[in-house]
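Just so you know, these numbers use all the heavy atoms, side chains as well, and skip hydrogens, waters and symmetry mates. Throughout, a chain's letter reflects where its sequence line sits, starting with A, and its residues are numbered from 1.
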Amino acid sequence: MKVVDYLSKLEYNQFKVEEWVKSFWERESVYKLVKAKSATSTRKFYFLDGPPYASAKSIHPGTAWNKVVKDIVLRYHRMAGYNVWDKPGYDTHGLPIEVKIEQSLGLQVKKDIYEKVGVEKFIEYCKAFVDENMEAMTRQFKEIGVFMDWENPYVTYTNDYIEAGWWLVKRAHERRLLYRGYKVLHWCPRCETTLADYEVSEYRELEDPSIYVKLPVRGRSGEYLLIWTTTPWTLPANTFVMAHPDLDYVRVRVGGEVYILAEARLEHVMREAGVKDYVVLERFKGRDLEGLEYDHPLEDLVDAQRELRRYHRVILAAEAVSPHEGTGLVHSAPGHGTIDYEIAVRNGIPVVSLVDEVGRMTEGAGRYKGLYFRTEANKAIVEDLRSRGALFHESTVVHRYPVCWRCKTPLVLRATNQWFIAVTKLKDELVREAERVEWRPTWAKTRFLNILQELRDWVISRQRFWGIPLPIWVCRSCSYTHVVGSVRELEELGGYRPRDLHRPWIDEVKLKCPKCGGVMERVPDVLDVWFDSGVAFYASLGYPMRRDLYESLEPADFIVEGHDQIRGWFFSLLRSGVIGFNKTPYRRVLVHGFMLDELGREMHKSLGNYVDFEELISRVPRDVVRFWLSLNTTWEDIRFSWKALEQVQRDFTVIWNTFVFASTYMGLDSFDPEVVTIESVKDSLEVEDRWLLSRVNKLVKAYREAMEDLRIHDAARALRSFILDDVSRFYIRLVRRRVWEEADTPGKRAAYATLYKALKTWLALAAPIIPFTTEYLYQHFVKPAEANAPSSVHLLDMPVAEEQLIDEELEQDMEIARAFIEAALSARASAGLKLRRPVRRVIIAAVDEKASKAVRRLSDVIAEMVNAKTVEVVGMDFFEELKVYRLEPNMGEIGRDYKRLTPEIVKLLEARGGEIAGELLAKGYYEVELGGVRVRLEPRHVEVKVEYPEWLSVKKIDYGVVAVDTRITVEEEAEGYAREVVRRVQHMRKEMKLNIEDKIEVWIWGDVEIVEAVKLFEGYVRNETRAVKLNYEKPEEKVYTREWDIEDKVVSIGIRRA
RNA sequence: GGGCCCGUAGCUCAGCCUGGUGGAGCGCCCGGCUGAUAACCGGGAGGUCGGGGGUUCGAAUCCCCCCGGGCCCA
């Protein structure tokens, strides 16, 4: 079949192109075809989608980027012959969604959920909300061309998924990793739930008291340990004081009292307290303080202190004490501090927490009972300390304080009973498995391993509703605890399958205790939402209910997410993989960056710098967005910019024009790529054809290497520079004249075969990155010309490089030729010679044999691009001989040295410039006698300028020297005019909207010189303009006529369709 | 305070791993082209390669320190 020129008939509009492709895909079920083809491959490629969080209807542009990266990799692997697993996922549980529902229902506190709506309704609201969001998100992902299995996503709230989650809890239990513990954790007093380390992600600048408290040393009247705190509400739970063993401490007398604190803090503390007179009595090491006992200043007001007073002493703890903050003595409330807790446990000291789940002080706080911790309790406690004279100094401080990531309520650290998985026991295994993973870029691995160093046990329980219910039942009678791993196990223990595995339905399932026969009830907690996505690698495949799929696909061959997920999902996956299967669930990881605003800040709706996805794709075509994203180094952040997008859009115009060019001429000449193959024209290939074939095969090689190595940006950049630089800006310009020939010459066929091959190959390579544009061009350019071509560009096989067509030497030679072309064009420009006007000769002297060979080999290419009749290759001596030295006198220097002789010296320089310059260059000076005086001219007296004759415009480059002979004969002048006339006729043809193949008749009259020039080049003019006849007179009838001004010569041209 | 990343032309970014006279696009100025044309091509101006120190014959590139920004943590 033959190329049919559809493209040049169309008005280019990238939006319309994409709309057309969208409905084409729909109409032809292209995704299904692509998937079916991929399924026939035997090499598996298990891609695991990091599930986006379904908490909003509009995706963040960064989420779009994320999916585009995934789509590119998936499309590439399908075309490269992999059986690709492409199930997308949605993360659907968790506090953020609960909070949104609470807000929409106007609920203030947790108990409102029970009392105002009921848990059942609440869960239904959550589910409906998520369903709507998923639908909207899916539509948007499809909108930017993401080919994934949208009809079968994995959704974390389904019963199957929940059951799969239970399996891992059971597995942890079997491995003796599951335990219940009393631990200090961040707690949100509004959401009434504990938060994991990684959920403590938001901080606010808040004002708190900053107080120095005097703790009386037991048995030493008037002597105090000085501590500093910004959390007075923790003082009722004070249990001990920590000191650094190696730090220097001092006893200091201020007035009648003695204080103990670190020497390093002394000056600072005294200055802050405004104390000028103090005397250091003694200096000693912190370790000497060990065991020193003290009394609590509020002991009588706080019930809990009756028990705690026996622990009030100094304990050594280097890790808890900083010489840069406080007093070097740290007040410790193990129930409200992480390090405090650890040290208490290590020393066998009890952990007391005096704040309840809504942030109020408990019974044990005695007088402070019922007061809200950060506000009321702080105030009351500071007042009491002040009235008792227990404050050394008080002020306030504004510092970063953690707040709830969802509701922004300031958090409280409190000890509670929670369920944990002892991942610290798995540290070595985790490190070992992380080492086995391939990380792109490699620094992601460093970061990951660093994170593993800070490993803590995993708190999996949350006191909430919308999540996977914790599958733990406890016997009411004997406290026996059973972990349920599946619904079947539930039934085996006397339970049943509720209609939904969420709360509240699951809460009603009671089991029979296997130990005592009593009634077992479920622990009311749900699982940390990070648990959900962490099990995706097997849960999304239906494991453990069905095993075959997981067993045939694992491990995941590829995952990719933003760099925030190194600590997030990449970690939680690995953690679950090691807990469940003792190995990493993924093999290769790619990290992508963040989408920032134009100033490099994060994009947030609240900052007003947010670009809505819908707005984005309504203003910018999808492929333009995709290409822009792809050109950015994947793992680096990208700054959003409308302007950058506009620039990329311009590249698309050039790409379009390139295909229009090919389509136009191939269509005109009925080029048949199935008949005129590269093989069939191989004896007619010109040097530029062989060059392009080499280039395109090198592109295939570089592109595939980049994609295999997950360097998408390198692949995208290679594609861009090939189509823009090699094809559009070089090859096409070069072959235009060959293509314009009317006759069906072997040379033209060779150019078509070459260009067709290059463009078709490029389409296949670019298809994963810009799927819309490539599909459109394929359907309108390739498919009509090849009956047996697949029905979509996405069904093509990824091209394989034909190594034998790669000609390194030719490519290098072309590089050299291009450098000379550039230089010659520059030389033309500086001589003021328009490119339209041919020059007689271009003279090139190459610097070495290699360059010289390149020029000789490619002299035709150079001549064509520079519009020169001939290219002469000469030796360097050619230019040496033509060199003219001109001396410019440096009047200041000459005048100072030779005063009155100056005018004569200047005259001499003019007369004998060449000779003087020669000697100056050779010897460094020139001596002469002038009027009886010895004149010695040195370089400082003159400036030596190298010049060439006027008719030669010279340019020097690394490879050598190029010169344009600017002398023009009468004939060349005439040819120049003929070209000017041709250009104007073409312009008029265009104005008349003539087709390229239409013949015309031309009349030309006016300036004699120009008319004569046209006569001289009549054949050329007729051929270029497709004129059947030229008349050198005014036409008798009325034809389309214009008057032109060519370099101040006036001429009229008339045209009529013949 | 810690780990990792980034800092190169007015702007956006390549180059750095594997040291050898600094690149592209945009913008600006000048010129050209007009049978791919709401395009395109050429030329020019424009750089303390964040700062300092070290290694080296030679550092944007390797090492150390510092400054600024980002991410993740404390």
Side-chain angles (χ1 to χ4, degrees), chain A residues 7-8 11-13 197-198 200-201 203 322 324-325 338-339 400 402 441-454 562-568 571 591 593-594 596 598-602 628 631-633 635-641 643-648 650-665 668 713-714 717 720-721 724-725 727-730 732-733 736-737 739-740 821-837 865-867 955 958 979-980 982-990 994-998 1024-1026:
Chain A
L7 295 177
S8 73
E11 202 177 319
Y12 173 54
N13 179 323
D197 303 331
Y198 46 77
V200 182
S201 54
Y203 293 79
S322 158
H324 307 296
E325 190 180 71
T338 319
I339 300 177
R400 286 175 77 222
T442 46
W443 56 255
K445 177 177 168 181
T446 313
R447 193 145 145 186
F448 194 87
L449 291 174
N450 282 332
I451 289 165
L452 286 182
Q453 291 314 309
E454 305 160 16
H563 43 62
D564 55 331
Q565 298 302 331
I566 294 175
R567 172 174 290 270
F571 173 63
V591 171
F594 266 51
L596 308 173
E598 268 162 291
L599 302 172
R601 299 169 308 175
E602 250 196 277
W628 170 66
L631 290 166
N632 186 73
T633 305
W635 41 83
E636 274 171 23
D637 295 345
I638 189 166
R639 289 192 185 196
F640 186 86
S641 156
K643 218 174 114 194
L645 284 161
E646 250 170 59
Q647 285 172 27
V648 175
R650 225 166 297 171
D651 291 344
F652 276 73
T653 318
V654 181
I655 293 168
W656 175 265
N657 285 335
T658 302
F659 279 85
V660 168
F661 176 86
S663 175
T664 306
Y665 289 102
L668 208 58
H713 48 285
D714 283 339
R717 288 168 193 170
R720 180 176 181 275
S721 100
L724 297 184
D725 297 335
V727 179
S728 174
R729 287 165 198 163
F730 195 71
I732 286 185
R733 278 167 64 86
R736 264 195 299 206
R737 214 149 288 282
V739 163
W740 288 344
I821 289 166
E822 221 172 80
L825 289 171
S826 168
R828 282 189 73 115
S830 45
L833 284 172
K834 293 182 177 187
L835 190 58
R836 205 180 312 131
R837 172 166 290 175
M865 295 296 278
V866 178
N867 192 16
K955 184 100 182 172
D958 288 350
R979 282 180 87 150
E980 295 281 0
V982 166
R983 195 196 119 207
R984 284 162 177 82
V985 173
Q986 308 292 28
H987 188 85
M988 289 169 69
R989 287 183 59 116
K990 206 129 220 220
L994 294 182
N995 286 324
I996 289 167
E997 62 270 25
D998 289 339
E1024 289 286 308
T1025 62
R1026 305 212 171 186

Measuring from [X]:[atom1] to [Y]:[atom2], what's the distance to the nearest 0.5 Å?
X	Y	atom1	atom2	answer
A/R650	A/L645	CZ	CG	12.0 Å
A/S8	A/F659	OG	CZ	14.5 Å
A/H563	A/I566	NE2	CD1	7.5 Å

Q | Side chain A/S721 and base B/A24 donor-acceptor under 3.5 Å | A | no
Q: Answer yes if the side chains of A/N867 and A/R979 hold a donor-acceptor pair under 3.5 Å, and no otherwise.
A: yes
Using a cut-off of 4.0 Å on non-hydrogen atoms, how would the nucleic acid contact of [X] be classed: base, sugar-phosphate, or nothing?
X	result
A/E646	nothing
A/T664	nothing
A/S641	nothing
A/L596	nothing

Could you give the [atom1]-to-[atom2] distance, from [X] to [N], as a whole number of Å?
X	N	atom1	atom2	value
A/H563	B/C6	NE2	P	11 Å
A/D651	B/A39	CG	P	13 Å
A/L825	B/G42	CG	C1'	6 Å
A/L724	B/A39	CG	P	15 Å
A/R733	B/U34	CZ	P	11 Å
A/R447	B/G2	CZ	C1'	13 Å
A/R989	B/U37	CZ	C1'	16 Å
A/R828	B/G31	CZ	P	17 Å

Rounded to whole angstrom, note down the [atom1] distance from [N] over to [M].
N	M	atom1	answer
B/U18	B/G31	P	49 Å
B/C67	B/G22	P	30 Å
B/C16	B/A74	P	36 Å
B/G70	B/C30	P	40 Å
B/A14	B/C49	C1'	13 Å
B/G15	B/C62	P	12 Å
B/C65	B/G20	C1'	27 Å
B/G53	B/U21	C1'	24 Å

For [N], which nucleotide in any strand shown is its Watson-Crick or wobble partner with both distances under 3.5 Å?
N	answer
B/G1	B/C73
B/G58	none
B/G25	B/C11

Q) Between B/U34 and A/R983, is there an OP1 or OP2 to side-chain N/O distance shorter than 4.0 Å? A) yes
Q: State whether A/Y665 places a side-chain N or O below 4.0 Å from either non-bridging phosphate oxygen (OP1 or OP2) of B/A36.
A: yes
(Q) Quick one: does any side-chain atom of A/D637 pair with a main-chain N or O of A/G593 as donor and acceptor, under 3.5 Å? (A) no
(Q) Closer than 3.5 angstrom, by distance alone: can the side chain of A/N657 be matched with the main-chain N or O of A/F661 as a donor-acceptor pair? (A) no
Can you pull every protein N or O that's under 3.5 Å from an N or O on nucleotides 13-17 of chain B?
from: B/A14; atom 1: OP1; to: A/T633; atom 2: OG1; distance (Å): 2.9
from: B/A14; atom 1: OP1; to: A/E636; atom 2: OE1; distance (Å): 2.9

Q | A/R717: side chain to side chain donor-acceptor pair (under 3.5 Å) partners, not counting sequence neighbours | A | A/T633
Q | Considering all heavy atoms, the nearest A/R989-A/I996 contact | A | NH2-O, 3.2 Å
Looking at [options], which one has an atom nearest to any side-chain atom of [X]?
X	options	value
A/N657	B/C73, B/C71, B/A36	B/A36
A/T653	B/C73, B/A39, B/U37	B/A39
A/S728	B/C5, B/C72, B/A36	B/A36
A/E822	B/C71, B/C73, B/G42	B/G42
A/K955	B/G44, B/U37, B/C41	B/G44
A/S826	B/G43, B/U34, B/A36	B/G43

Below 3.5 Å between N/O atoms, which protein atoms pair up with nucleotides 25-29 of chain B? Just atom names and distances, please.
from: B/G25; atom 1: O2'; to: A/Q647; atom 2: OE1; distance (Å): 3.4
from: B/C26; atom 1: O4'; to: A/Q647; atom 2: NE2; distance (Å): 3.3
from: B/C26; atom 1: O2'; to: A/Q647; atom 2: NE2; distance (Å): 3.2

Q: I would like to know whether A/R567 and A/F448 meet side chain to side chain contact (heavy atoms under 4.5 Å, CB included); could you show each step before the answer?
A: CA-CA 7 Å; A/R567 172 174 290 270; A/F448 194 87; over 6 Å; no
(Q) Ring-plane angle category for A/F640 and A/W628, please: parallel below 30°, perpendicular beyond 60°, tilted otherwise. (A) perpendicular
Q. What class does the angle between the rings of A/W635 and A/H713 fall in, given that below 30° is parallel, 30 to 60° is tilted and above 60° is perpendicular?
A. perpendicular
**Q.** Salt bridge flag under 4.0 Å for residues A/R720 and A/D651
**A.** yes
